[in-house]
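Letters A, B, ... are given to chains in the order of the sequence lines, protein chains preceding strands, and every chain is numbered from 1. All of these numbers come straight from a predicted model, not from anything done at the bench.
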Amino acid sequence: MLGPVDEVARSLLGCWVVTDRPDGRVALRLTEVEAYSGQGEDPASHAHRGPTPRAEIMFGPPGRLYVYFSYGVHWCANVVVGPAGRGSAVLMRAGEVVLGESLAHSRRPAARVARDLARGPARLTHALAIGPDDRGTDLLDPTSPVRLHAGRAPSGVSTGPRVGISVATELPWRFWETDAPSVSVFRAGGKPRRRVARQDGRS
DNA sequence: TATACGATTGGCT
DNA sequence: GCCAATCGTATAT
């Protein structure tokens, strides 16, 4: 969990994320991740402005879970990358469910096919039942209810720009297993920085 | 205290 | 393709 954040992100592909809950166990294999670098280095990162209350966990020890609330609706999860104090993390964007598929389905009734169970960062946390109570969990502790461990390496790795951001879009810090069906669809980020003026004056 | 905005998703046109 | 949902967080006042 040390080294340049993009290399760590790449190395997380194929790893398993396992959650144990009262209703059972779900495990998935990561097929898509994104790297977010630390304070002052990456304007798209929540750590960009330093250890604010929200981003504080990002500056802690590596291997912990950073969970944030997205669009007033969803929770998304990151793996904190070391060294402590730097603020780097890897967003878990998608995975293929390898254990507890029926349970994951019951948690995500909107998913019509298995491929969609964890296809997207908020879908992934829903399928694994990860939420705000899991903030700061040590993913490397085998007794944790949310754990990370080695899995089958990806057959091939593709890279490209990160999804849903409006700054630092030039960095190819999204990594996915080439041809994995569970990889989410690319959507460009929020506001464009510049907009071409329209002749009719409307925006 | 007030306000603007998202590391998204699902449903609808 | 478009857009509402829905509220924590950061920033301005």
Could you pull out the closest heavy-atom pair between A:Val183 and A:Arg174, with the gap in Å? CG1-NH2, 3.7 Å
Among C:dA10, B:dA7, C:dC3, which nucleotide has an atom closest to any side-chain atom of A:Pro53? C:dA10
The nucleotide from B:dT9, C:dA10, B:dG10 with an atom nearest the side chain of A:Arg54 is C:dA10
Name the closest nucleotide to the A:Ala110 side chain, picking from C:dA10, B:dG10, B:dT8. B:dG10
Within this structure, what is the CE-to-C1' distance between A:Met92 and B:dA7, rounded to whole angstrom? 13 Å
Distance below 4.0 Å between A:Arg174 side-chain N/O and B:dA7 OP1 or OP2: no
Can you find a side chain N or O atom of A:His46 that sits less than 4.0 Å from OP1 or OP2 on B:dA7? yes
Calculate the interatomic distance between A:Phe186 atom CZ and B:dA7 atom P; express it in whole Å. 14 Å
Give the nucleotide from the list B:dA7, C:dC3, B:dT8 with an atom nearest to the side chain of A:Ser70. B:dT8
For DNA chain C, the dot-bracket pattern of Watson-Crick and G-U pairs whose distances stay under 3.5 Å, | for other-strand partners: |||||.||||||.
Length of the line joining A:Glu56:CD and C:dT9:P, which is rounded to integer Å: 12 Å
Interatomic distance where CE belongs to A:Met58 and P belongs to C:dA10 [whole Å]: 12 Å
In terms of heavy-atom contacts, A:Arg21 and A:Leu128 come closest through NE-O, 3.8 Å
For the pair A:Arg64 and A:Asp141, find out whether any cationic side-chain nitrogen is under 4.0 Å from an anionic carboxylate oxygen. no
Is any side-chain N or O of A:Arg123 closer than 4.0 Å to OP1 or OP2 of B:dG10? yes
N/O (side chain, A:Thr52) to phosphate O (OP1/OP2, C:dA10) under 4.0 Å: yes
Of the listed nucleotides (B:dT8, C:dC7, C:dA10), which one gets closest to any side-chain atom of A:Phe69? C:dC7
A:Tyr66 has an atom OH; how far is it from atom P of B:dA7, in whole Å? 9 Å
Can you tell me if the side-chain N/O atoms of A:Arg108 get under 4.0 Å from OP1 or OP2 in B:dG10? yes
Of the non-hydrogen atoms in A:Ala9 and A:Ala35, which two are nearest, and what is the gap between them? CB-CB, 4.0 Å
Whole Å only: how far is the CZ atom of A:Arg187 from the C1' atom of C:dC2? 10 Å
Yes or no on side chain to side chain contact (heavy atoms under 4.5 Å, CB included) for A:Asp20 and A:Arg147, after CA distance, side-chain angles and deciding distance? CA-CA 9 Å; A:Asp20 284 318; A:Arg147 306 182 295 283; 2.9 Å; yes
N-O pairing of A:Glu96 and A:Arg29 below 4.0 Å: yes
The answer to which of A:Arg135 and A:Gly72 contacts DNA chain C further toward the 5' end, by nearest nucleotide, is A:Gly72
If the test is side-chain hydrogen bond (donor to acceptor under 3.5 Å, both in side chains), which one of A:Tyr66, A:Tyr68, A:Tyr36 qualifies with A:His46? A:Tyr66
Touch check for A:Ile165, heavy atoms < 4.0 angstrom, all strands: base, sugar-phosphate only, or nothing? sugar-phosphate
Take a 6.0 Å sphere around CG of A:Asp23 and say whether it holds more than 12 heavy atoms from other residues, nucleotides or ligands. yes
If we take the C1' atom in both B:dC5 and C:dC3, what is their distance in whole Å? 16 Å
Can you tell me which nucleotide in B:dA7, B:dT8, B:dG6 comes closest to the side chain of A:Ser166? B:dG6
Sub-3.5 Å donor-acceptor pair from the side chain of A:Thr125 to the main-chain atoms of A:Trp75, do we have one? yes
Using the six-membered ring for Trp and the full ring for Phe, Tyr or His, decide whether A:Tyr68 stacks on the six-membered base ring of B:dA7 (centres under 5.5 Å, planes under 30°). no
Between A:Arg119 (CZ) and B:dG10 (C1'), how many Å, whole number? 14 Å
Got a donor-acceptor pair under 3.5 Å from the side chain of A:Arg112 to the base of B:dG11? no
Touch check for A:Ala44, heavy atoms < 4.0 angstrom, all strands: base, sugar-phosphate only, or nothing? base
Rounded off to whole Å, could you give me the OH-to-C1' distance for the A:Tyr71 and B:dA4 pair? 13 Å
